[in-house]
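The analysis underlying the following values was restricted to heavy atoms, covering all of them including side chains, and did not include hydrogens, waters or symmetry mates.
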Amino acid sequence: MHPQPFTIHVPDDVLDDLRSRLARTRWPHPLPYPGWASGADLDYLRDLVGYWATAFDWRAQERRLNSFPQFTADVDGLSIHFLHQHGRGPRPFPLILTHGWPSSFVELLKVVPLLADPTAHGGEEADSFDVVIPSLPGYAFSAPPSRPGTCTAATIANLWARLMTEHLGYPRFGAQGQDIGAAVTIHLGAHHPDTVAGIHLTGVLTFPPTDRPPTEEGQAFLARQERWRQTEGGYAHQQATYPQTLAYGLTDSPAGLAAWIVEKFRAWSDCDGHVQRRFTPDELLTNLTIYWATGRINSSFLFYYDSQHHPRPLSPVRVDVPVGVALFPKENPVTGPREWAEATYNIVRWTHMPRGGHFPAAEEPELLAAELREFFRPLR
């Protein structure tokens, strides 16, 4: 039952094999379209892969990651990897943060010192948090579920509740999430209200009213959402229908893995089409190396497959604990008008953020940390 300390160490032979594969990449002939118009830009990817093969220092990144206290725990028979940073001050409030796809726990690391030690970053000691960041099942160093239909938001929320209460001893805590992490966090708030003080999200699944036509604002949102599905949604359909087929190529080719993942960091972030404005090569490659070294790209698709084949109810679950929503302007169109959200969620805070996209903890950590301090302050 007791969490065990965990240290990341990728064996040398895994890194040697990675560099060999990168050096032997078989590049496709370009299509007759410029830049990123038809997918990952060939010139950009050649440069990134070249840096990955010859100059990227994984061991330096490994040391940085290991500077954060990490553990594993057996939760319902599943080995879960997580970071657990205790806050500075007399009464830090426990907070579990959940990442999404195509990222990993490393996406959230920039907010850890801001939340755990606010006085060192212009905040107040009373706003400190004990920060817990688990790796989703089948991501990074968490084991994938072995039974069909068990990699769903509701199931993962139950794992997180047990991790926080039974393994870490917190009788009450807050939760925050984005992407898949938002779905998990919603189920934490819905099904564990006795222990979850409140939830904070960067997007909530909403549905239009059934008793009247959508307003002009609602119609504009639905049109924007449909455009996004048509232009950006192919990845989710593939991962939800035939993930195993996709995984053969991405597990065998690190260049292919980079193309599949980096394209999303560019398309979904507030970078104006220039991914390097938001993410350094080292940041992108640290995430990619974790996917590669653990061989977890296939199991990272499992949430999509299980959600498709073991579907949710047609409407969102009811959440009565306090809910805060921060809308980053370049986030994918998930959240409809506030009135739609209020039909299902106990919305107490609704903030339009000035900048940022799908990866707010990595893109705008100071903005997100300040927002979380404000939201959870009255819930401590």
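- Side-chain contact annotation: Glu371 with Thr351, donor-acceptor N/O pair under 3.5 Å present.
- Between His9 and Glu62, some side-chain heavy-atom pair lies under the 4.5 Å cut-off.
- A side-chain donor from one of Thr286 and Gln61 sits under 3.5 Å from a side-chain acceptor of the other.
- Residues Val262 and Leu288 meet the side-chain proximity criterion, which asks for heavy atoms closer than 4.5 Å.
- No side-chain donor from either of Thr152 and Asp306 sits under 3.5 Å from a side-chain acceptor of the other.
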Would you give me the side-chain donor-acceptor pairs under 3.5 Å for residues 295-303, sequence neighbours excluded?
from: Arg296; atom 1: NE; to: Ala140; atom 2: O; distance (Å): 3.2
from: Arg296; atom 1: NE; to: Ser142; atom 2: O; distance (Å): 3.4
from: Arg296; atom 1: NH2; to: Ser142; atom 2: O; distance (Å): 3.4
from: Asn298; atom 1: ND2; to: Gln244; atom 2: OE1; distance (Å): 3.3
from: Ser299; atom 1: OG; to: Gly138; atom 2: O; distance (Å): 2.7
from: Ser299; atom 1: OG; to: Arg296; atom 2: O; distance (Å): 3.2
from: Ser300; atom 1: OG; to: Trp101; atom 2: NE1; distance (Å): 3.2
from: Ser300; atom 1: OG; to: Ile297; atom 2: O; distance (Å): 2.7

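- The minimum heavy-atom distance between Gly356 and Phe328, with the atom names listed, is O-CB, 3.5 Å.
- His358 and Asp179 share a donor-acceptor pair across their side chains, judged by distance under 3.5 Å alone.
- Looking at Gln238 and Trp260, their side chains never bring a donor and an acceptor atom within 3.5 Å of each other.
- Here the closest non-hydrogen pair linking Arg59 and Pro11 is NH2-C, 3.9 Å.
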List the steps and the verdict of side chain to side chain donor-acceptor pair (under 3.5 Å) for Glu232 and Trp228. CA-CA 5 Å; Glu232 288 287 337; Trp228 188 89; 5.0 Å; no
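- Tested against Phe141 for a ring-ring contact (aromatic ring centres under 6.0 Å, His included), the candidates Tyr291, Phe6, Phe71 yield a single pass: Phe6.
- Side-chain contact of Arg227 with Thr231: a donor-acceptor pair under 3.5 Å is absent, judged by distance alone.
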Can you give the donor-acceptor pairs under 3.5 Å from side chains of residues 78-97 to other protein atoms, not counting sequence neighbours?
from: His81; atom 1: ND1; to: Ser135; atom 2: OG; distance (Å): 2.8
from: His81; atom 1: NE2; to: Gln70; atom 2: OE1; distance (Å): 2.7
from: His84; atom 1: NE2; to: Tyr170; atom 2: OH; distance (Å): 2.8

